[in-house]
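To start, the structure itself, in structure tokens.
From a predicted model like this one, the values you see are computed outputs, not experimental measurements. In what follows, every heavy atom counts, from backbone to side chain, and hydrogens, waters and symmetry copies are set aside.
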Amino acid sequence: MKSKAVLELADIKLIAAAAEAEALKNSWAVTIAIVDDGGHLLHLQRLDGAPPVSAHIAPAKANTAAMGRRESKVYEDVINGGRVSFLSAPFIQGMLEGGVPIIKDGQCLGAVGVSGVKSSEDAQIARAGMAAIGL
């Protein structure tokens with residue numbers, strides 16, 4: 001049987017604080033979601049001024065990244081590349097850039113999803129959050 005790391009509350013708080021700091025530094029009003037490796041929501045924070053819909057999109061992006069074990073942008077690229085039938089994939093709703101898996105030692109621990117600004121900026125915020133725990 002293998003052992004694997006899991007996200008603890010302290011990790012989630014560090015990720016969330018660093019992601020929030022990145023968003024505030026750039027004056028970006030976003031929602032930040034953190035999920036576990038099964039895509040279950042552990043943290044949701046909608047910053048002042050973030051559009052209400054971002055509170056639905058950010059967790060969906062995080063869920064997609066965690067369940068797929070890859071950035072949600074991969075799915076966006078597949079669809080934009082012409083494989084629109086992928087839109088019918090079950091249980092995958094956040095197929096936009098901005099969901100980034102949290103990978104340690106080859107294992108997915110969860111993901112960060114961000115929504116509210118340009119998709120590349122959403123991903124930048126998510127990566128800034130993960131950098132706080134050295135990933």
Side-chain angles (χ1 to χ4, degrees):
M1 189 174 295
K2 293 182 180 183
S3 297
K4 88 171 200 178
V6 295
L7 291 173
E8 295 181 333
L9 182 58
D11 301 318
I12 294 162
K13 287 180 178 181
L14 286 172
I15 294 167
E20 178 184 3
E22 181 71 12
L24 294 176
K25 176 181 85 174
N26 291 290
S27 299
W28 292 334
V30 298
T31 295
I32 301 160
I34 303 171
V35 300
D36 66 12
D37 62 338
H40 303 99
L41 190 61
L42 299 172
H43 173 87
L44 181 70
Q45 180 179 9
R46 189 173 132 210
L47 301 181
D48 292 342
V53 72
S54 67
H56 293 279
I57 297 172
K61 288 180 179 183
N63 181 280
T64 295
M67 298 295 283
R69 305 321 199 222
R70 60 183 51 103
E71 291 200 26
S72 56
K73 183 181 186 324
V74 170
Y75 300 105
E76 181 178 10
D77 291 344
V78 165
I79 294 162
N80 288 341
R83 189 158 184 222
V84 294
S85 62
F86 202 79
L87 289 168
S88 67
F91 305 111
I92 302 176
Q93 298 177 351
M95 294 184 273
L96 302 166
E97 183 177 7
V100 181
I102 302 169
I103 306 290
K104 180 178 171 141
D105 300 326
Q107 297 291 317
C108 181
L109 309 182
V112 181
V114 179
S115 177
V117 287
K118 293 179 188 173
S119 291
S120 61
E121 295 166 347
D122 290 341
Q124 176 183 329
I125 294 166
R127 288 190 195 94
M130 292 177 357
I133 59 168
L135 299 177

For residues 1-12, pull every pair meeting side chain to side chain donor-acceptor pair (under 3.5 Å), keeping only residues two or more places apart or in separate chains.
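Every pair satisfying side chain to side chain donor-acceptor pair (under 3.5 Å) with a residue in residues 1-12: Lys4-Asp37.
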With sequence neighbours left out, which residue pairs that include part of residues 49-66 fulfil the side chain to side chain donor-acceptor pair (under 3.5 Å) condition?
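As it turns out, the side chain to side chain donor-acceptor pair (under 3.5 Å) pairs with a partner in residues 49-66, which skip direct neighbours, are Thr31-Ser54, Lys61-Asp122.
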May I have the list of side-chain donor-acceptor pairs in residues 104-112 shorter than 3.5 Å, sequence neighbours left out?
none

Yes or no on side chain to side chain contact (heavy atoms under 4.5 Å, CB included) for Met95 and Leu87, after CA distance, side-chain angles and deciding distance?
CA-CA 8 Å; Met95 294 184 273; Leu87 289 168; 4.0 Å; yes
With sequence neighbours left out, what residues match [X] under side-chain contact (heavy atoms from CB on, under 4.5 Å)?
X: Glu97; answer: Lys73, Glu76, Ser119, Ser120, Ala123
X: Ala29; answer: Ala50
X: Val78; answer: Arg83, Phe86

Can you name the closest pair of heavy atoms from Gly94 and Ser72 and give their distance?
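Reported closest heavy-atom pair: O-CB, 3.4 Å.
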Minimum heavy-atom separation for Ser115 to Ala58, with atom names?
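Closest approach of Ser115 to Ala58, heavy atoms only: CB-N, 3.7 Å.
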Determine, using the 4.5 Å side-chain heavy-atom cutoff (strictly less than), whether [X] and [Y] are members of one ILVMFWY cluster.
X: Leu42; Y: Ile102; value: yes
X: Val74; Y: Leu96; value: no
X: Ile12; Y: Ile32; value: yes
X: Val6; Y: Leu14; value: no
X: Ile57; Y: Ile125; value: no

Output the rest of the hydrophobic cluster of Leu41: all Ile, Leu, Val, Met, Phe, Trp and Tyr residues reachable through side-chain heavy-atom contacts under 4.5 Å, sorted by chain and number.
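So far as hydrophobic clustering goes, Leu41 is joined with Val35, Leu44.
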Sequence neighbours excluded, every pair satisfying salt bridge (Lys or Arg N to Asp or Glu O under 4.0 Å) that has a member inside residues 43-54:
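Applying salt bridge (Lys or Arg N to Asp or Glu O under 4.0 Å) to every pair that reaches into residues 43-54, excluding sequence neighbours, yields nothing.
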Qualifying residues under salt bridge (charged side-chain N to carboxylate O under 4.0 Å, His left out), relative to [X], sequence neighbours excluded:
X: Glu22; result: Lys25
X: Asp36; result: none
X: Lys13; result: none

Do Leu47 and Glu20 have side-chain heavy atoms sitting under 4.5 Å apart?
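Yes, at least one pair of side-chain atoms sits under 4.5 Å.
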Within-4.5 Å side-chain heavy-atom neighbours: Asn26 and Gln124
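Of all side-chain heavy-atom pairs linking Gln124 with Asn26, at least one is under 4.5 Å.
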Pair Glu121, Trp28 - check side chain to side chain contact (heavy atoms under 4.5 Å, CB included), show working.
CA-CA 9 Å; Glu121 295 166 347; Trp28 292 334; 3.5 Å; yes
Less than 3.5 Å apart, which donor and acceptor atoms pair up between the side chains of residues 126-135 and the rest of the protein, not counting sequence neighbours?
residue, atom, partner, partner atom, Å
Arg127, NH2, Glu71, OE1, 2.8
Arg127, NH2, Glu71, OE2, 3.0

